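Read the numbers this way: they start at 1 and go in the same order the structure lists the ligands and their atoms. In this text the structure is predicted, and so the values were computed from the model without any measurement. Note: hydrogens, waters and symmetry copies are ignored here, and every other heavy atom, side chains too, is used.
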Amino acid sequence: MIKKYTFGNPIKTESVIVSVEQSQGMPEYGEINLTEGFKFTYEMSPDDIVYGLGEANRGINKRGYIYTSNCTDDPNHLEETVSLYGAHNFIIVSGEKTYGLYIDYPSKLTFDIGYTKVDELLISCEDADLDLYVIYDENAYDIVKQFRKIIGRSYIPPKFAFGYGQSRWGYVTEEDFFNVAKGYRENHIPIDMIYMDIDYMERYKDFTISDEFPDFSEFVRKMKEDNIHLIPIIDAGVKIEKGYDVYEEGVANNYFCKREDGSDFVAAVWPGYTHFPDVLNPEVRKWFGAKYKLLTDSGIDGFWNDMNEPAIFYTPEGIQKTKKIMKEFINSEETVDSVWDLRDRFNDLANHPDDYTAFYHDVNGEKIRHDKVHNLYGFNMTRAAGEALEEISPDKRCLLFSRSSYIGMHRYGGIWTGDNKSWWSHLLLNIKMMPSLNMCGFLYTGADLGGFGADTSRELLLRWLAFGVFTPLMRNHAALGTREQECYKFENTEDFRHVIGVRYRLLPYLYSEFMKAALNDDMYLKPLSFEYPDDEMAKDVEDQLMLGNEAMIAPVYTQNAKGRYVYLPEEMMLIKFLPDGSISKETMQKGHHYISVPLNVVPLFIRKGKSIPVVDFAESVAEINPDSMQLVGYEGSTYMLYEDDGYTRNYNMSSNMRTVK
Ligand code: GLC
């Protein structure tokens, strides 16, 4: 049962697409106070667990900390970070009373989940203009399924997007890309995608190609011949440059976000000063989305949308203020405080709250200040692309994912989790975040494997890849200036070949489970407690995940570990993909175990009485041989495989299923 309560005059976000009957009065649990903005308080029982929040910091159980939905470009995902790139306002209280809450509110919203007061859940925001959905069911998992029904089906990428991808900020020339392709192919490490970061553009101008690619279509074609898809980045800000068509058209048609005085708002991002397309306006979405055709016409079939919180490095107004402060600094006596203030002033230039209140959107003729709808920007930029790509190629799926997001965007594209670091703690964070993202509808997701910022190590990369084998988006990405982390740059490349190879051996299974989750509004990666709700021990497990209906994963995420402890909520079969290509099997009883996991081994648990299909090693998705499929797991069991052509949008659940024996 879902109840909807409307307070004030909410902004329409279009995150919920199924109509839910309006309820009067107040929700059954918790208290609502409307005297100062909106406040929902609920007294949690000591053992209550709180799930949800999608792309948020810390654990699967969100209890014990504070989180703010405020899409932020902050590359330092520290333990104390309260806002990341997404805003996913869905939580589930599970325990003495079990219910879900979705707060459809596109501005800043805070979830204090037992942080200020240990037993108090406090959800608060500035304006009491929102829709509150309260979902009742037996358990957390059923609440997720109900929620997913009202927000619509998750985005489905083409099958090649389940292959492995290499990315790095800093590939500039055709040769750079060919070298990456060569590095992988020559070492027989599987790969399906190479990502094109901002340097493929002419001076970081969206929808342009730099002179380094004299015949771009031919370049794309050549790569495809080698089963490699090139995936370019598109940034939110449009460079201000006379004669640049996207800029000129945007200005002429009033398609950019405006300042209060009606002039186009200016913010510096990678290209220097830019304007932000007002993607909250449907006409602008159509215009901006249609631009992707310039690249699809050259054979491009995938994109990543970036900087769409939108990120602001600084504004001319911010710089003016800073210059004034500098002058004052120069003309006054130097003190420790004045030096520190100046330093802070520079640090504060980026993503400054003042800048987010200095521009406006035109939403169906209504002028809305940006901060009131801040969390909808990335959603609508990706919606613009998603809708356009569907029009451009109605029969063909396109790969699309975004950095910033709001619930509802999951219908148009996936997400990656932004600028993490080459830290072991970020591998663990990646593990914990995946099921929460699935709860909010984001199924096609993954982190920058190996870590984006800072220098990775061979061991960290291998362990992260061994987890990435199971995340729908499997991409190795690194920042400019960091240690090179293409797999062939390390010793003993055969270990990388093997670990990534396991992804390809499991690909039909992973794809099948992903598709079942997407088509049934279900989850692909789940906390153990969702499958074993009566198992008290399972509730505490945050570093193992249930995968699909048949499997459980237990990644290694510590340096120098030879293996790890696992908890089995029931008897399971541990299979290990060994470097010689063989698969070892061992049945293990319910309970705690230590398992040894050498760096070049990928372990997987199969649930009692089940089995999964495995195919032979392949170097690209197109080269997978379906005839090599065999079942691994409990004898006598069968598997229901979902299969389709991998690129059309004909997802027919019943006719695309077959039993594998
Ligand atoms: C942002 C993105 C990152 C990209 C960089 C340069 O930091 O999150 O993935 O490499 O911009 O475009």
* To do: Check the pair Tyr557, His426 against side chain to side chain donor-acceptor pair (under 3.5 Å), reporting the backbone distance first and the verdict last.
  => CA-CA 9 Å; Tyr557 53 87; His426 278 182; over 6 Å; no
* Asked: Applying a heavy-atom distance cut-off of 4.0 Å, which protein residues contact ligand 1?
  -> Trp169, Asp197, Ile198, Ile233, Trp270, Trp304, Asp306, Met307, Arg403, Trp416, Asp419, Phe452, His477
* Asked: What about Trp169 and Trp270, are their ring centers closer than 6.0 Å?
  -> yes
* **Option passing side chain to side chain donor-acceptor pair (under 3.5 Å) with His361 (candidates Asn380, Asn281, Asp278)** => Asp278
* Asked: Got a sec, which residues hit side chain to side chain donor-acceptor pair (under 3.5 Å) with Asn76, two or more places apart in sequence or on another chain?
  -> Lys421
* Asked: Any idea how Tyr292 and Phe288 line up, ring-wise: parallel (<30°), tilted (30 to 60°), or perpendicular (>60°)?
  -> perpendicular
* Check: Phe162 ring centre within less than 6.0 Å of Phe514 ring centre -> yes
